[in-house]
Amino acid sequence: MPTLKRRRGKGSDAEAERLTAAIERRMPERSLLCIVARTVHWLKSYNGFSKWIGFGGVLADNDPEEQEKLIKFNTLLANLVVFHNALDISDVVRQLVAEGWEITADQLGQIAPYLRAHISRFGAYATDELHHQPDPFDPLLKEVDFTDVELAA
């Protein structure tokens with residue numbers, strides 16, 4: 001039976017133990033039931049979004065390779081839209097803060113990236129814009145203080 005070997009880093013074992021202890025102190029205490037319930041909630045949200053966004057529908061035959069392709073494509077498409085929604089949400093938050101809004105990390109934590117109202121699934125798709133280089137995205141949201149945020153399970 002294969003076993004995992006302990007990976008040796010450049011730091012000392014004492015440093016690794018100190019880091020592990022610091023992480024464990026900051027981890028919120030949760031029951032296993034709480035972790036499962038939160039995970040089920042987010043998975044249901046994601047799966048509902050993924051089903052909504054998916055193209056292709058039902059396959060005519062039970063070809064496992066075609067089913068796998070459809071699942072992989074649908075997952076990739078859903079993840080792509082979730083990522084883009086997160087970028088758009090960050091841009092809108094920056095605009096709102098510039099207008100004088102006070103937005104907290106807790107408020108942002110209540111927003112799921114599964115927004116749909118702005119997406120035109122069956123709209124006109126212009127391919128002449130595909131060659132335009134998008135603006136680089138800024139992954140940091142410096143306008144919101146995340147120092148006292150409780151980490152999710």
Side-chain angles (χ1 to χ4, degrees), residues 7 9-59 66-153:
R7 185 171 184 260
K10 294 182 180 183
S12 69
D13 286 342
E15 289 173 351
E17 288 175 19
R18 197 174 104 234
L19 176 61
T20 301
I23 290 171
E24 287 177 347
R25 280 193 305 273
R26 288 178 169 82
M27 293 291 287
E29 188 172 318
R30 300 193 195 282
S31 69
L32 181 58
L33 183 59
C34 176
I35 292 170
V36 169
R38 290 172 64 122
T39 304
V40 167
H41 168 76
W42 286 109
L43 283 174
K44 280 185 175 182
S45 296
Y46 174 82
N47 287 335
F49 180 77
S50 178
K51 185 176 181 179
W52 176 84
I53 198 119
F55 288 90
V58 180
L59 291 173
E66 290 301 314
Q67 291 173 345
E68 186 177 0
K69 283 182 198 175
L70 182 63
I71 290 168
K72 285 181 177 180
F73 174 75
N74 194 44
T75 302
L76 177 64
L77 181 63
N79 287 336
L80 183 135
V81 174
V82 166
F83 177 70
H84 203 281
N85 278 350
L87 295 178
D88 288 343
I89 290 168
S90 296
D91 289 342
V92 171
V93 166
R94 287 185 190 98
Q95 293 168 9
L96 292 173
V97 168
E99 293 173 13
W101 287 58
E102 284 191 31
I103 299 175
T104 67
D106 288 333
Q107 291 169 325
L108 284 179
Q110 300 299 315
I111 300 172
Y114 308 126
L115 305 175
R116 306 174 184 186
H118 65 292
I119 299 172
S120 175
R121 288 176 56 209
F122 303 111
Y125 293 95
T127 57
D128 58 335
E129 295 182 14
L130 292 177
H131 69 278
H132 293 291
Q133 184 75 18
D135 295 332
F137 73 92
D138 182 4
L140 300 178
L141 196 55
K142 299 173 190 168
E143 295 80 1
V144 179
D145 181 17
F146 291 98
T147 56
D148 294 329
V149 174
E150 181 181 320
L151 297 176

*asked:* For the CG atom of Leu96 and the CD atom of Glu143, what is their distance to the nearest 0.5 Å?
replied: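 Those atoms lie 10.5 Å apart.
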*Calculate, to the nearest 0.5 Å, the distance between atoms CG and CG belonging to Asp135 and Asp91 respectively.*
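One gets 9.0 Å once the value is rounded to the nearest 0.5 Å.
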Heavy-atom side-chain contact between [X] and [Y] under 4.5 Å:
X      : Y      : value
Gln107 : Val144 : no
Ile89  : Leu115 : yes
Leu76  : Lys72  : no
Asn74  : Ile53  : yes

*Just by distance, do the side chain of Asn47 and the backbone of Leu43 share a donor-acceptor pair under 3.5 Å?*
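The answer is yes, because a donor-acceptor pair under 3.5 Å joins these two groups.
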*Would a distance-only check, ignoring hydrogens and angles, find a side-chain to backbone donor-acceptor pair under 3.5 Å from Ser50 to Tyr46?*
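No.
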*asked:* Is it the case that over 12 heavy atoms from other parts of the model lie below 6.0 angstrom from the CZ atom of Arg116?
replied: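 Counting other residues, nucleotides and ligands, CZ of Arg116 exceeds 12 neighbours.
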*Could you point out which residue of Phe49, Trp52, Phe83 forms a ring-ring contact (aromatic ring centres under 6.0 Å, His included) with Tyr114?*
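That would be Phe49.
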*Check Leu140 against Arg94 and note the closest heavy-atom contact, atom names and distance.*
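What the structure gives for the nearest pair is O-NH2, 2.6 Å.
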